[in-house]
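Please read the structure below before turning to the comments.
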Amino acid sequence: MSTRLDLSNLTLMDALDLASLIELEAKKRYTEFADSLGSRGVDDAGAVFRSMAVNETKHCEEIAERRLALFGDQPAKVTLDDIFDVEAPSMGDVRWNMSALKAYQLALYSEQKAFAFYDEALEYVTQPDVKALFEELREEEAEHVRMLVKIIANLPPSAEVELEDEDYDPNRPARDSFEV
């Protein structure tokens, strides 16, 4: 499991904080990817990651609002250090030239990871209100999976095209050193 927390002892406040941090971690990772790749339009990998960051931000804000309404400004006991890549895509999975299709597939895998996390966590959760929250969050992740599967199914063939290095010249001999 991608958390070091004892899920059997989670309070509802802790569970909301955990869920919010899971979304925040994913948002940060998608933002890093989008920033590092840049974007040439609405249909490249950078744009895919930017849209995923927006979605994760919305979900994080919804959870945070719910937490605030229930528990006010009580300090959180759960921190980002308590989780690792629950939903966030792995750092090594992004390449500078990846296609929009590969970006969507990475996002799909990340949503599937989040679904699996909540599904597995339900085995350990003992508090009824936490169990209900995790069931709700698992269903939201399932909805995200269905949404991405549908998007991928409707992508045009051009979404499979990876970027090319515009400076690459196959006729130029490789250099043995960087000396001029």
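Each residue takes its place number in the sequence, starting with 1.
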Determine whether Glu23 and Lys28 satisfy the following criterion, salt bridge (Lys or Arg N to Asp or Glu O under 4.0 Å), listing intermediate values before the conclusion. CA-CA 9 Å; Glu23 300 298 327; Lys28 285 182 173 185; over 6 Å; no
Distance check, rounded to the nearest 0.5 Å: [X] atom [atom1] versus [Y] atom [atom2]?
X: Glu162; Y: Trp96; atom1: CD; atom2: CH2; result: 9.0 Å
X: Lys27; Y: Met52; atom1: NZ; atom2: CE; result: 13.5 Å
X: Asp14; Y: Leu133; atom1: CG; atom2: CG; result: 11.5 Å
X: Arg146; Y: Ile151; atom1: CZ; atom2: CD1; result: 13.5 Å
X: Glu62; Y: Thr57; atom1: CD; atom2: OG1; result: 11.0 Å
X: Glu65; Y: Ile63; atom1: CD; atom2: CD1; result: 10.5 Å

Any chain of hydrophobic side-chain contacts (each under 4.5 Å) joining [X] to [Y]?
X: Leu18; Y: Phe115; value: no
X: Leu68; Y: Val78; value: no
X: Leu70; Y: Leu137; value: yes
X: Met147; Y: Tyr109; value: no
X: Leu80; Y: Leu5; value: yes

Are [X] and [Y] packed together at the side-chain level, in the sense that at least one heavy-atom pair is separated by less than 4.5 angstrom?
X: Gln112; Y: Glu141; answer: no
X: Leu16; Y: Met13; answer: no
X: Gln127; Y: Leu10; answer: no
X: Glu111; Y: Val149; answer: no
X: Arg29; Y: Glu56; answer: no
X: Arg138; Y: Leu122; answer: yes
X: Val161; Y: Ser99; answer: no
X: Tyr118; Y: Ile22; answer: yes

So, the side chain of [X] versus the backbone of [Y]: is there a donor-acceptor pair under 3.5 Å, distance only?
X: Ser110; Y: Leu106; answer: yes
X: Ser90; Y: Gly92; answer: no
X: Ser8; Y: Tyr124; answer: no
X: Thr3; Y: Asp82; answer: yes

After noting the C-alpha distance and the side-chain angles of Arg50 and Asp35, does the key distance pass the salt bridge (Lys or Arg N to Asp or Glu O under 4.0 Å) rule? CA-CA 8 Å; Arg50 181 79 55 213; Asp35 290 347; 2.7 Å; yes
So which atom in [X] and which in [Y] form the shortest heavy-atom distance, rounded to 0.1 Å?
X: Tyr30; Y: Pro89; result: CE2-CG, 3.6 Å
X: Leu7; Y: Ala121; result: CD1-CB, 3.5 Å
X: Ala15; Y: Val130; result: CB-CG1, 3.7 Å

NZ/Lys131: more than 12 non-hydrogen atoms of other groups inside 6.0 Å: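 More than 12 heavy atoms, drawn from other residues, nucleotides or ligands, come within 6.0 Å of this atom.
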Other residues, nucleotides, ligands: >12 heavy atoms within 6.0 Å of Asp73 CG: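 Incorrect, the count does not exceed 12.
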Salt bridge or not between Arg67 and Asp17? Use side-chain N to carboxylate O under 4.0 Å.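 Yes.
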Classify the ring geometry between Phe117 and Phe134 as parallel (under 30°), tilted (30 to 60°) or perpendicular (over 60°).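 The arrangement is tilted - the two ring planes meet at 30° to 60°.
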